[in-house]
Amino acid sequence: MAKDFTSRKENYSQWYNELVIRADLAENSAVRGCMVIKPYGYAIWEKMQANLDKMFKDTGHQNAYFPLFIPKSFFNREAAHVEGFAKECAVVTHYRLKNSEDGKDIVVDEDAKLEEELIVRPTSETIIWDTYKDWIQSYRDLPLLINQWANVVRWEMRTRLFLRTAEFLWQEGHTAHATREEAIEETEKILNIYADFAEKWMAIPVLRGLKSPNERFAGAVETYCIEALMQDGKALQAGTSHFLGQNFAKAFDVKFLSKENKLEYVWATSWGVSTRLIGALIMAHSDDNGLVLPPKLAPIQVVIVPIYRKTEQLEEITKKVLPVKEALEKRGISVKYDDRDTHKPGWKFSEYEFKGVPVRLAIGPRDLENGTIEVARRDTLEKEILNMTDIDLKVANLLDSIQAKLYQKALAFRDEKTFKVDHWEDFKKQLEEGGFVLAHWDGTEDTEQKIKEETKATIRTIPIDGKQEDGKCVYSGKPSKQRVVFARAY
RNA sequence: CGGGGUAUAGCGCAGUCCGGUUAGCGCACCUGCUUUGGGAGCAGGGGGUCGUAAGUUCGAAUCUUACUACCCCGACCA
């Protein structure tokens, strides 16, 4: 087996980076902090996109598109919002270039200075609410349920492929409602869509809960999140859904006339997931042989590799393979028949293992004689020789069981790495080792901040369905009603 | 922005301390033959302004200075 790249256990970050490169998902671009998503990586994103998009549309949302540039003044309108994003904005100040005096270079034309700078969107609340102002007059215009697929820019100091890049792809939903209750219901509905997607499609178990005030989205009243645990014991925020109250409605003056003919501010939500989900997918399941993809999101679900010496043998194999490919495709399974003669079978085996293809079928002269085929599953690397009869059914069942097993494995891992801790020394020690640490917290920002300074851990989430129990804050000893989840995070 | 490091072929590196033929190795690439059930072997071949600029020198990848870019550790990270 080819293991000429860093092991998970030696250096998790390096393993992750090499894996992304070797699986041909993405690479660093020449532009600082930005990433090139390669066709195979993008194919995974497209699958995620298609499924999420359907889930949004099934719940009454529509897609639209808003500008990349936001006038600087829009940012000033919501105080918390501008404060939250000000430090990481790319700013457009000019609109023209010219030849330098010596003609050897292109320089910014100082005469082409914009009267008002434009911010490259780090998120679109401001431009969207400025637009909604004109779209909403009456309760009949509500609810307004809109999503956009877009790219955003956040000028991060330090970046990591998929997990944190200066530019990233995402979807952001922005909705307007007549009542507070309806907006909260929407926020929770979306959170559940995200959680379902993570668990049923990505095979990653997630915690659903609220963010503490410290970690709340800039401008939100309440931030809901789904939180996943990676194989190195660090947490990853996989999606957020915000109840914005009337903050943006007030900042952008978005009012409607109610049935009772009263002028009221609308209630808002916003929510998003990004290409970071691909990072989560990689870190949750992969091993030292490469990527492991859940069948439901794998661009190639089954690969067929022929083993042959002469071209006549290949022809015979192809005759056997094509009906199998067709039968699998009829079941909605994506199949690649790799009959390239430029690479040997062993090379192909390794290649598809790196790429995380869930099931590999290999067929050679021996199988032709016996009417068999070799079936290998990526998650366990087990191989078995099966009779060709009903092979499409067998493979379809195998894909289902791989999907289920990946989730179970990730869930078992998370349970094993979740700890209840009551004493400060144990708390520090456990965070050092990783995992979700359930502890009591006195509810103050001050305590949260001090814990962060001393342990590098943050409150990942306050579980929605968390058990109520009396306890004492692990840091301050003050009373607490519920355990919250601490972890070091990406 | 602080602290450390690196820059030599598409990728990964050696050579730099102590200047001296035509700058070398692995992978990848091209050609041919043999191979093909877990990353094939042999033979031949192509590819380099040694990050940029200036300086020292008979002579610079190697020494000096400045600059630039990238990486790691912090800070930052809704």
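Since the structure is predicted, the reported quantities are computational estimates derived from the model, not experimental observations.
What separates CZ of A:R22 from P of B:C27 is a distance of 14 Å, to the nearest Å. Atom CG of A:D24 is separated from atom P of B:G39 by 21 Å (rounded to the nearest Å). For the pair A:E312 CD and B:U36 P, the computed distance is 14 Å after rounding to whole Å. Computed from coordinates, the A:F248 CZ to B:A78 P distance equals 15 Å when rounded to whole Å. The CH2 atom of A:W155 sits 18 Å away from the C1' atom of B:A75 (whole-angstrom rounding). Taking atom CG on A:N17 and atom C1' on B:C71, their separation rounds to 11 Å, with Å as the unit. Between A:K344 atom NZ and B:U34 atom C1' the separation is 11 Å, expressed in whole Å. Following rounding to the nearest Å, A:F162 (CZ) and B:C77 (P) show an atom-to-atom distance of 24 Å.
B:U52 is paired with B:A66 under the Watson-Crick or G-U wobble criterion, all donor-acceptor distances under 3.5 Å. Figure legend. B:G37 is base-paired to no nucleotide; pairs are counted as Watson-Crick or G-U wobble with both atom distances under 3.5 Å. Across all strands shown, B:G59 remains unpaired; no Watson-Crick or G-U wobble contact has both distances below 3.5 Å. With a cut-off of 3.5 Å on both pairing distances, B:U16 has no Watson-Crick or G-U wobble partner at all. Searching all strands for a Watson-Crick or G-U wobble partner of B:C77 with both distances below 3.5 Å returns nothing. For B:G26, the paired nucleotide is B:C11, the pair qualifying as Watson-Crick or G-U wobble because both relevant distances are below 3.5 Å. When both distances must be under 3.5 Å, the Watson-Crick or G-U wobble mate of B:U21 does not exist. In this structure, B:U31 forms a base pair with B:A43, meeting either the Watson-Crick or the G-U wobble geometry with both donor-acceptor distances under 3.5 Å.
Residue-level contact check: A:D367 touches the bases, meaning some heavy atom is under 4.0 Å from a base atom. No contact: A:Q237 has no heavy atom under 4.0 Å from any strand.
For the C1' atoms, the distance from B:U56 to B:C72 is 34 Å, rounded to whole Å. One C1' atom belongs to B:U49, the other to B:C58, and the distance between them is 23 Å to the nearest Å. To the nearest whole angstrom, the two P atoms, one in B:C67 and one in B:C29, are 42 Å apart. The separation of B:A40 from B:A28, taken at their C1' atoms, amounts to 16 Å, rounded to a whole angstrom. Comparing B:U34 with B:G10, their P atoms sit 33 Å apart, to the nearest whole Å. B:U8 sits 14 Å from B:A60 when the C1' atoms are compared, rounded to a whole Å. To the nearest whole angstrom, the two C1' atoms, one in B:U21 and one in B:A7, are 27 Å apart. Look at the C1' atom in both B:G74 and B:C17: the space between them is 31 Å, to the nearest Å.
The side chain of A:R154 lies closest to B:A78, out of B:A78, B:U35, B:G38. You'll find that the side chain of A:F217 is closest to B:A78, out of B:A78, B:G38, B:G37. Listed candidates were B:G37, B:A78, B:C77. Nearest to the side chain of A:R164 is B:C77. Closest approach to the A:S350 side chain among B:G38, B:G74, B:A78 is made by B:G38 (side chain taken as heavy atoms from C-beta onward). The side chain of A:K456 sits closest to B:G74 out of B:G39, B:G38, B:G74. Here the side chain of A:R309 is nearest to one of B:A78, B:G37, B:U36, namely B:U36. Of the candidates B:G37, B:G39, B:U36, the closest approach to any side-chain atom of A:F354 belongs to B:G39.
Annotation: cation-pi pair A:K417/A:F436 absent, no NZ/CZ under 6.0 Å from the ring centroid and within 45° of its normal. Geometrically, A:R276 does not engage A:F162 in a cation-pi contact, judged by NZ or CZ lying under 6.0 Å from the ring centre and within 45° of the ring axis.
The base of B:G38 sits with one of its N or O atoms less than 3.5 Å from a complementary donor or acceptor on the side chain of A:K383.
A donor atom on one side chain and an acceptor atom on the other are not found under 3.5 Å apart for A:D341 and A:Y308. Under the 3.5 Å distance criterion, with hydrogens and angles disregarded, no donor-acceptor pair is assigned to the side chains of A:Y490 and A:Q237.
Neither OP1 nor OP2 of B:A78 sits under 4.0 Å from any side-chain N or O of A:K211.
Proximity of residues 358-366 of chain A to RNA chain B (heavy atom under 4.0 angstrom from any strand atom) is restricted to A:R360, A:A362, A:G364, A:P365, A:R366.
Taking the nucleotide of RNA chain B with the nearest heavy atom to each of A:A376 and A:E215, the more 5' of the two is matched to A:A376. Toward the 5' end of RNA chain B, the nearer of the two residues A:K87 and A:N28, judged by each one's closest nucleotide, is A:N28.
Note on ring orientation: taking the six-membered ring where Trp is involved, the planes of A:W347 and A:H343 are parallel (angle under 30°, cut-offs 30° and 60°). Between A:F75 and A:H81, the ring planes lie parallel to each other; the angle is under 30°, not in the 30° to 60° tilted range. Ring geometry for A:W15 versus A:Y12: interplanar angle of 30 to 60°, hence tilted. Using bins of under 30°, 30° to 60° and over 60° for the plane-to-plane angle, the ring pair A:W271/A:F56 lands in the tilted bin.
A ring-centre distance under 6.0 Å is found for A:F486 and A:F427.
Under the side chain to side chain contact (heavy atoms under 4.5 Å, CB included) test applied with A:K394, the options A:L386, A:I373, A:V375 reduce to a single match, A:L386.
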